[in-house]
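These values consider heavy atoms only, across backbone and side chains, with no hydrogens, waters or symmetry-generated copies. The structure presented is a predicted model; accordingly, all values stated were derived computationally and were not measured.
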Amino acid sequence: VYAFKVAEQKKLQSVAHQATELATLANAVSRGVQEARGNEQNFFIMGEEVYTVYHARSIEASLGALKKFTKALSDAELVKNVEAIGADIHDYAADFAKIVALKKQSGIGWEEGLLPKVRREGDALDALGLKSKDSGVLAGVVNMRRTERSFLTEFTPRFVFSMKNEARLTVEAIDKAPLPQAARDEIKAKVAEYHDLFEKMGEVELALREQRTQLEDYYTKVLPPLAELAKNFRSAALAAEAKVTASQQQASRIIAGTIGGVMLVCLLVTFFVARGISGPVRNLTRILTRLAEGDTDISVPRDMRRDEIGEIHEATRALRTAVGDAFRLRRMVEDMPSPVMTINLENRTINYMNRASEQAFARLAAHLPVAHEELLGAAIGFFLSDAEAQDDLLAQPDAMPFSYDKTLGDDVVRVEVSAILDRKGDYMGPMFAWSIVTEQLRAEREAQRLINMVEEMPTAVMTLRRLDNTI
């Protein structure tokens with residue numbers, strides 16, 4: 001049953017993977033069309049030709065995804081619908097190319113287009129109207145330019161017809177103006193030229209707007225079907241994944257039931273075996289915990305078993321003796337009247353001081369780098385007479401023992417450094433046995449001073465031995 005479920009899961013996973021891939025491809029096609037639409041809008045707003053290149057790339061990406069999408073489909077009806085979408089995308093790209101051509105012809109964004117020419121001719125007409133100084137001519141020119149601006153704002157056909165009427169009225173005003181014939185002819189020629197350019201621009205702009213309206217129709221024909229396809233394939237993928245999960249859960253229940261039965265048997269066997277082990281192990285754990293706390297008076301019963309538990313009992317008995325010796329030695333060092341301390345060899349910091357060291361350092365507190373209560377963990381450098389040379393000696397057990405005097409403020413300490421070795425003879429670190437010898441050195445110097453005084457006296461001096469009166 002489990003093997004059958006595994007095969008079923010593989011088939012369902014294949015269906016889910018294929019449906020997910022198809023949904024991804026449908027989204028890729030839709031995304032390409034949407035990017036093309038964004039580039040189209042940027043082209044109209046910015047008037048920069050680079051957006052036509054981006055537009056072509058988006059269409060190419062969309063059609064590439066559509067080709068993969070069609071190839072992955074197995075349903076003939078779906079293939080037919082997707083191919084229809086592809087035809088619409090091709091038509092959309094062709095119509096956009098027509099719009100680009102119209103846009104260039106219109107001149108918005110291109111200096112050689114109609115719009116710049118209309119504006120240049122309009123500016124020239126303004127200049128002639130001002131030059132005529134006739135109110136009727138000026139009013140006609142102003143109305144024509146106003147119509148031009150209105151058309152470029154709304155892009156509706158009525159302004160094309162309005163411009164034709166304004167041109168006629170302006171010509172009539174020119175004919176009535178008290179101007180030389182040559183001036184009238186020049187202004188009328190400029191009006192005619194400006195009007196002709198405006199009409200051509202109007203035709204192009206209106207055609208451009210009509211083409212843009214057609215582009216919007218393509219979006220409604222392409223994007224909703226793609227979104228529906230992606231949604232359906234995603235639903236199919238989720239349904240297949242849900243069936244996979246259900247099949248996995250059923251297979252897991254089968255495995256769990258089998259394992260549960262085996263485990264029950266194993267637990268029963270383990271229970272009876274563990275009863276013979278757990279009791280002695282718990283007792284040994286209690287004994288080892290007491291030993292770790294320093295209680296060496298605890299009794300370790302002898303176990304006559306010949307298995308590992310018996311061996312652990314014998315090892316624990318030996319450990320109790322060793323722990324007792326270690327605690328006794330530790331107490332002896334702690335209660336020694338002479339100061340003793342050790343250091344960590346790796347970082348040269350103090351890691352142990354006996355009680356006598358703490359009391360001696362309290363006397364020297366004013367000359368220590370840190371408070372005497374904080375010396376544990378402090379670097380030993382302050383306690384060396386020649387830090388650089390002696391630091392090297394501390395790593396050389398063969399150079400030990402050695403001694404030196406160290407001055408701390410008004411006091412002098414005498415230090416004996418010896419090596420601490422483990423039971424294998426490996427070097428563990430140095431031990432410092434030291435004492436404050438300030439008074440001793442002062443007494444020695446005073447005795448020497450008195451001897452020197454007697455030796456240097458100008459009067460003859462000698463002494464007699466009291467027992468036999470010999471010199």
Side-chain angles (χ1 to χ4, degrees), residues 291-297 319-451:
L291 285 175
E293 294 171 351
D295 183 3
T296 56
D297 296 330
L319 178 63
R320 183 189 65 174
T321 302
V323 169
D325 293 342
F327 274 100
R328 184 170 60 257
L329 291 173
R330 174 69 178 264
R331 189 58 181 264
M332 288 171 59
V333 173
E334 187 68 23
D335 293 338
M336 282 177 61
S338 300
V340 175
M341 64 183 180
T342 61
I343 66 168
N344 185 321
L345 192 58
E346 292 182 0
N347 56 16
R348 305 295 199 268
T349 57
I350 300 171
N351 58 11
Y352 172 74
M353 296 189 304
N354 68 352
R355 189 176 296 107
S357 288
E358 294 175 357
Q359 294 170 353
F361 276 130
R363 171 180 168 181
L364 302 172
H367 308 295
L368 299 178
V370 297
H372 69 279
E373 299 90 346
E374 301 174 1
L375 281 174
L376 280 178
I380 193 63
F382 77 94
F383 204 64
L384 303 176
S385 62
D386 185 349
E388 183 174 351
Q390 291 175 347
D391 186 67
D392 293 335
L393 290 177
L394 294 179
Q396 303 175 24
D398 294 339
M400 300 177 186
F402 64 88
S403 62
Y404 62 88
D405 288 349
K406 171 69 175 179
T407 301
L408 291 175
D410 296 331
D411 289 301
V412 179
V413 296
R414 181 158 293 162
V415 184
E416 296 284 341
V417 182
S418 57
I420 303 174
L421 305 178
D422 62 13
R423 61 184 298 178
K424 296 179 180 179
D426 294 332
Y427 180 52
M428 300 176 61
M431 179 180 70
F432 294 77
W434 60 284
S435 60
I436 301 174
V437 295
T438 309
E439 297 299 331
Q440 177 184 339
L441 292 177
R442 185 178 293 116
E444 290 175 358
R445 285 196 298 270
E446 182 62 22
Q448 185 62 43
R449 186 180 67 81
L450 292 174
I451 291 171

To the nearest 0.5 Å, how far apart are [atom1] in [X] and [atom2] in [Y]?
{"X": "His367", "Y": "Asp410", "atom1": "NE2", "atom2": "CG", "answer": "5.0 Å"}
{"X": "Thr438", "Y": "Leu364", "atom1": "OG1", "atom2": "CG", "answer": "7.5 Å"}
{"X": "Glu334", "Y": "Tyr352", "atom1": "CD", "atom2": "OH", "answer": "3.5 Å"}
{"X": "Met400", "Y": "Met431", "atom1": "CE", "atom2": "CE", "answer": "10.5 Å"}
{"X": "Met353", "Y": "Thr342", "atom1": "CE", "atom2": "OG1", "answer": "10.0 Å"}

Not counting sequence neighbours, which residues clear salt bridge (Lys or Arg N to Asp or Glu O under 4.0 Å) with [X]? List them please.
{"X": "Glu446", "answer": "Arg449"}
{"X": "Asp335", "answer": "Arg331, Arg355"}
{"X": "Glu373", "answer": "none"}

side-chain contact (heavy atoms from CB on, under 4.5 Å) against [X], all qualifying residues, sequence neighbours excluded:
{"X": "Ser403", "value": "Glu416"}
{"X": "Asp422", "value": "Lys424, Asp426, Met428"}
{"X": "Pro397", "value": "Ala419, Tyr427"}
{"X": "Asn344", "value": "Glu346, Asn347, Thr349, Asn351"}

Once side-chain hydrogen bond (donor to acceptor under 3.5 Å, both in side chains) is applied, do any residues pair with [X], and if so which ones, sequence neighbours excluded?
{"X": "Gln440", "answer": "Glu444"}
{"X": "Asn354", "answer": "Ser357"}
{"X": "Gln448", "answer": "Asn452"}

Requested in this report: Could you name each residue pair satisfying ring pair (Phe, Tyr, Trp, His ring centres under 6.0 Å) that touches residues 394-424, not counting sequence neighbours?
Outcome: none
Query raised in the report: Of Asp392, Asp398, Leu394, which meets side chain to side chain contact (heavy atoms under 4.5 Å, CB included) against Gln396?
Result: Asp392
**Report entry** Candidate list Val413, Ile380, Val340, test side chain to side chain contact (heavy atoms under 4.5 Å, CB included), partner Phe432, passing option
**Finding:** Ile380
Query raised in the report: Are Leu441 and Arg414 close enough, and set up right, to give a side chain to side chain contact (heavy atoms under 4.5 Å, CB included), and what steps lead you there?
Result: CA-CA 10 Å; Leu441 292 177; Arg414 181 158 293 162; 3.4 Å; yes
Query raised in the report: Are Phe383 and Met341 close enough, and set up right, to give a side chain to side chain contact (heavy atoms under 4.5 Å, CB included), and what steps lead you there?
Result: CA-CA 11 Å; Phe383 204 64; Met341 64 183 180; 3.3 Å; yes
Report summary line: Looking only at heavy atoms, the pair that brings Leu393 and Ala399 closest together is CD2-CB, 3.8 Å
Query raised in the report: Which pairs, with at least one residue in residues 360-371 and sequence neighbours excluded, count as a salt bridge (charged side-chain N to carboxylate O under 4.0 Å, His left out)?
Result: Arg363-Asp411
